[in-house]
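Below: the structure, in structure tokens.
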Amino acid sequence: MAVAPRLFGGLCFRFRDQNPEVAVEGRLPISHSCVGCRRERTAMATVAANPAAAAAAVAAAAAVAEDREPQHKELPGLDSQWRQIENGESGRERPLRAGESWFLVEKHWYKQWEAYVQGGDQDSSTFPGCINNATLFQDEINWRLKEGLVEGEDYVLLPAAAWHYLVSWYGLEHGQPPIERKVIELPNIQKVEVYPVELLLVRHNDLGKSHTVQFSHTDSIGLVLRTARERFLVEPQEDTRLWAKNSEGSLDRLYDTHITVLDAALETGQLIIMETRKKDGTWPSAQLHVMNNNMSEEDEDFKGQPGICGLTNLGNTCFMNSALQCLSNVPQLTEYFLNNCYLEELNFRNPLGMKGEIAEAYADLVKQAWSGHHRSIVPHVFKNKVGHFASQFLGYQQHDSQELLSFLLDGLHEDLNRVKKKEYVELCDAAGRPDQEVAQEAWQNHKRRNDSVIVDTFHGLFKSTLVCPDCGNVSVTFDPFCYLSVPLPISHKRVLEVFFIPMDPRRKPEQHRLVVPKKGKISDLCVALSKHTGISPERMMVADVFSHRFYKLYQLEEPLSSILDRDDIFVYEVSGRIEAIEGSREDIVVPVYLRERTPARDYNNSYYGLMLFGHPLLVSVPRDRFTWEGLYNVLMYRLSRYVTKPNSDDEDDGDEKEDDEEDKDDVPGPSTGGSLRDPEPEQAGPSSGVTNRCPFLLDNCLGTSQWPPRRRRKQLFTLQTVNSNGTSDRTTSPEEVHAQPYIAIDWEPEMKKRYYDEVEAEGYVKHDCVGYVMKKAPVRLQECIELFTTVETLEKENPWYCPSCKQHQLATKKLDLWMLPEILIIHLKRFSYTKFSREKLDTLVEFPIRDLDFSEFVIQPQNESNPELYKYDLIAVSNHYGGMRDGHYTTFACNKDSGQWHYFDDNSVSPVNENQIESKAAYVLFYQRQDVARRLLSPAGSSGAPASPACSSPPSSEFMDVN
């Protein structure tokens with residue numbers, strides 16, 4: 001950096017941090033002594049980076065000197081010379097000060113000068129002559145210093161004033177430049193930087209041509225970048241960045257332009273590459289990281305509307321694409337990045353930030369999307385940066401666009417925070433002070449720690465009021481917000497689909513759609529079903545069926561919230577209880593599974609596997625028929641709709657086979673050999689609705705393990721006692737049967753094929769109620785905001801500590817809007833999470849495209865003369881289609897330049913009409929305050945005047961129907 005020129009003997013020296021130059025403004029008054037030792041001489045400039053420029057400067061100075069006669073000037077006395085050079089404020093003994101210039105003088109000449117002035121004779125033969133530093137230079141072309149020079153042995157250092165005295169008295173050897181060096185401040189020390197860092201500057205597209213430039217260790221990387229731009233004649237509107245080639249041959253980005261050459265660990269001879277952004281917004285180095293670059297798929301000369309650019313789905317990244325498209329269409333934020341305002345505000349040392357990498361990655365994305373040279377781009381680099389700093393977004397799982405948006409806004413804020421060192425700020429309660437005073441204090445405290453373009457654009461202020469239910473203490477605080485998460489009015493009803501299994505075997509199962517209370521009980525479900533079937537709720541048992549077995553048998557008092565929408569719920573008509581009570585005459589309810597034997601599974605056919613199939617049953621058995629034979633007959637009756645009884649011919653055929661198979665186990669009762677094996681390792685879990693008391697031991701009805709001793713008519717299946725999973729056969733010993741109150745019907749494959757009708761068994765009918773759809777009335781966005789500002793009581797998991805009671809209290813809380821931001825983000829809380837369920841609310845929210853008025857919600861005293869401060873126009877919408885497990889995100893956005901609405905679906909972009917924007921899929925809304933829109937429309941607002949979202953739409957034939 002140049003300092004004010006100083007005139008010494010007619011020479012005007014302009015000293016710079018690097019590469020000092022000289023301007024010759026007149027003749028040098030040469031003393032008589034100097035004339036005696038040289039014919040002509042002139043003071044020359046310091047070493048120029050370009051030798052040709054240095055030679056030209058020397059020639060020009062010599063020509064001027066020769067044109068005029070030397071002006072003689074008497075030297076001061078020797079004692080005076082000694083005092084001025086060695087002592088005093090301008091002498092060698094003065095302390096070093098950072099930024100000052102000091103000069104090198106060859107040690108031999110200086111010693112001769114010392115001898116001369118100390119001798120006391122001005123006419124002495126020890127007169128030193130002109131200052132000659134020839135022995136310090138490596139050559140007389142580039143005037144590079146020799147390596148390894150040592151202060152006190154090879155040279156002495158003089159401050160600028162002392163040097164200029166000596167030059168004015170004795171002159172400088174013809175052609176030699178002064179050796180000027182700066183004082184730099186290193187940690188805990190100040191020193192003269194004798195050897196600056198020499199860097200080789202090259203362009204990325206011409207590595208063979210380099211410029212060698214000297215830089216101080218304390219110079220910033222920004223100065224290196226500016227010097228490179230000057231040397232390579234880069235246009236002001238072009239973006240550039242630097243890379244340093246390290247000792248291993250790889251390249252390191254020089255991100256932070258505010259750090260010094262020393263902090264960046266740059267060394268003499270190191271190659272510095274300047275990279276220039278291409279016209280399509282991409283960096284040439286990015287080509288190395290992206291395998292499939294879009295420019296290979298499209299014409300490099302493609303020119304489209306800036307901002308109308310899709311984003312490729314990398315695999316479940318539609319949530320990220322949707323959030324980015326919304327943010328990209330926020331006019332003032334996009335202009336901030338397009339105009340490179342972010343470069344001066346990058347905060348690389350913020351411990352809460354991402355070292356500027358998120359901001360740079362987002363800037364690259366915006367510049368590509370708004371270059372007009374892409375139909376779509378691949379956000380691969382940005383995706384990797386997000387995953388690096390937020391592990392929850394690693395991989396390619398589906399996520400929430402609002403969660404990504406929240407992370408991105410916070411990351412951009414911290415990367416661009418103008419506050420480099422955050423001070424501690426103590427939060428203060430209102431303590432009875434006026435709201436205006438407390439709000440202003442809270443906002444100022446917030447800005448003391450948080451000041452960025454994100455705060456300027458998206459941050460507003462809440463008023464939070466907490467009231468203690470015990471002592472009535474009121475706490476008022478003002479808190480900043482970045483977006484509003486507003487709840488949707490929730491219905492207190494839910495729809496459940498169930499299958500009703502009547503006891504009458506002639507009736508098929510019925511599918512019912514029931515409207516039940518969300519916070520109701522299983523008994524409420526039975527009451528609702530009773531209205532459809534006419535069956536008393538007391539005669540119903542509710543079960544969750546999964547994988548052909550009972551996953552859970554519900555008690556009447558259990559909450560309905562334990563039933564998920566995806567569960568298969570069966571309601572059985574019964575005439576008794578599943579818990580047997582001694583002395584009771586009620587029927588016994590028996591859980592029954594269906595199983596089929598599979599072929600042999602080992603080499604000697606020693607055992608058979610059993611596979612579950614069909615739907616399990618809950619069968620009511622009268623006590624007086626609770627024997628193996630009685631149970632068989634009851635089951636034959638319950639299965640009679642889809643199981644055919646054998647005729648007389650089948651029975652005779654069966655008798656003949658039985659006679660041939662003497663001593664075989666010909667009973668349908670439990671096996672005692674334990675030869676049956678679990679067919680599958682999977683287990684569905686315990687059936688909590690069943691007690692451990694077993695009804696099968698009543699009066700020892702099922703005590704025998706063989707039934708009957710000789711079979712005189714054909715049996716279609718055998719019966720076994722099993723566990724709740726239906727996969728483990730047990731003997732009828734009291735200990736095992738006591739814990740296994742389940743029965744399995746085991747079928748031989750041929751018997752099942754002959755007598756079991758699978759089509760009929762799976763058949764069911766739909767009740768008229770199945771066609772019922774619970775209508776959801778649309779809600780207005782203003783209703784959601786009203787609900788947001790409604791008084792609520794804190795939950796038990798989140799109590800408030802009352803400073804008056806000194807206890808945690810379930811206080812009442814109310815949020816009010818005090819100050820609104822330029823861009824208001826409204827998040828519709830469509831996803832509901834409870835302990836037992838998760839659901840998405842697909843309620844239609846009616847929101848205005850323009851003139852959303854917040855004046856009724858803002859409690860701060862309003863400026864009635866400027867109503868635009870409270871009115872907003874819509875500029876973008878993030879949509880979510882589908883349910884909780886799977887879904888797809890898209891975006892509606894209004895282009896800031898054309899004012900046209902477009903539909904962004906990953907890499908596809910289509911124009912749309914305004915009447916297509918409002919839908920049940922709307923999830924995150926972006927609104928722009930009208931006074932901001934008017935400011936941006938003015939010529940001073942921006943170079944390209946953005947159009948209003950309210951402008952007209954093109955003909956409908958050009959639009960895609962996204963609904």
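Since the structure is predicted, the reported quantities are computational estimates derived from the model, not experimental observations. Note that these values count all heavy atoms, side chains included, but never hydrogens, waters or copies made by symmetry.
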Within the side chain of [X], is there an N or O that forms a donor-acceptor pair under 3.5 Å with the backbone of [Y]?
{"X": "Asp567", "Y": "Leu564", "value": "yes"}
{"X": "Ser640", "Y": "Tyr637", "value": "yes"}
{"X": "Asp746", "Y": "Thr718", "value": "no"}
{"X": "Arg830", "Y": "Tyr923", "value": "no"}
{"X": "Asp524", "Y": "Lys521", "value": "yes"}
{"X": "Arg494", "Y": "Leu560", "value": "yes"}
{"X": "Ser530", "Y": "Ile535", "value": "yes"}
{"X": "Tyr593", "Y": "Asn723", "value": "no"}
{"X": "Ser562", "Y": "Pro559", "value": "yes"}
{"X": "Ser322", "Y": "Thr890", "value": "yes"}

Taking the side chain as every heavy atom from C-beta outward, state whether [X] and [Y] have any atom pair closer than 4.5 Å.
{"X": "Trp747", "Y": "Val643", "answer": "yes"}
{"X": "His880", "Y": "Phe831", "answer": "yes"}
{"X": "Asp470", "Y": "Cys802", "answer": "no"}
{"X": "Leu716", "Y": "Met636", "answer": "yes"}
{"X": "Met503", "Y": "Arg539", "answer": "yes"}
{"X": "Arg513", "Y": "Lys766", "answer": "no"}
{"X": "Thr533", "Y": "Met540", "answer": "yes"}
{"X": "Ile563", "Y": "Asp544", "answer": "no"}

Looking only at heavy atoms, what is the nearest atom pair of [X] and [Y], with distance?
{"X": "Val770", "Y": "Gln511", "value": "CG2-O, 3.1 Å"}
{"X": "Tyr756", "Y": "Ala761", "value": "OH-CB, 3.4 Å"}
{"X": "Asp400", "Y": "Phe319", "value": "O-CD1, 4.0 Å"}
{"X": "Ala543", "Y": "Tyr572", "value": "CB-CE1, 4.1 Å"}
{"X": "Val592", "Y": "Phe550", "value": "N-CE1, 4.5 Å"}
{"X": "Met541", "Y": "Val574", "value": "CG-CG2, 3.7 Å"}

Derivation and outcome, side-chain contact (heavy atoms from CB on, under 4.5 Å), residues Leu635 and Leu719: CA-CA 10 Å; Leu635 292 174; Leu719 302 177; 3.7 Å; yes
Look up atom [atom1] in [X] and atom [atom2] in [Y], then write down how far apart they are to the nearest 0.5 Å.
{"X": "Glu558", "Y": "Lys552", "atom1": "CD", "atom2": "NZ", "result": "4.0 Å"}
{"X": "Tyr881", "Y": "His888", "atom1": "OH", "atom2": "NE2", "result": "8.5 Å"}
{"X": "Ile522", "Y": "Leu556", "atom1": "CD1", "atom2": "CG", "result": "8.0 Å"}
{"X": "Leu810", "Y": "Lys796", "atom1": "CG", "atom2": "NZ", "result": "7.5 Å"}
{"X": "Cys784", "Y": "Lys829", "atom1": "SG", "atom2": "NZ", "result": "11.0 Å"}
{"X": "Thr812", "Y": "Trp800", "atom1": "OG1", "atom2": "CH2", "result": "9.0 Å"}

Verdict with supporting geometry, Glu760 and Lys508, side-chain contact (heavy atoms from CB on, under 4.5 Å): CA-CA 9 Å; Glu760 182 64 25; Lys508 290 185 178 181; 3.2 Å; yes
Salt bridge (Lys or Arg N to Asp or Glu O under 4.0 Å) between Glu846 and Arg780, worked out: CA-CA 5 Å; Glu846 297 175 341; Arg780 297 168 57 246; 5.7 Å; no
Is it true that, when you exclude [X] itself, more than 12 heavy atoms of the residues, nucleotides or ligands shown sit nearer than 6.0 Å to its [atom1]?
{"X": "Lys814", "atom1": "NZ", "value": "yes"}
{"X": "Lys518", "atom1": "NZ", "value": "yes"}
{"X": "Gln397", "atom1": "CD", "value": "no"}

Partner of Phe570 under ring-ring contact (aromatic ring centres under 6.0 Å, His included), chosen from Phe499, Tyr551, Phe546: Phe499
Positive for side chain to side chain donor-acceptor pair (under 3.5 Å) with Glu748, one of Arg597, Arg754, Lys753: Arg597
No-hydrogen, no-angle side-chain donor-acceptor test under 3.5 Å, Glu538 and Ser536: yes
side-chain contact (heavy atoms from CB on, under 4.5 Å) between Ile743 and Thr721, worked out: CA-CA 5 Å; Ile743 291 291; Thr721 56; 3.8 Å; yes
Verdict with reasoning, Thr644 to Asp757, per side-chain contact (heavy atoms from CB on, under 4.5 Å): CA-CA 8 Å; Thr644 306; Asp757 187 346; 6.0 Å; no
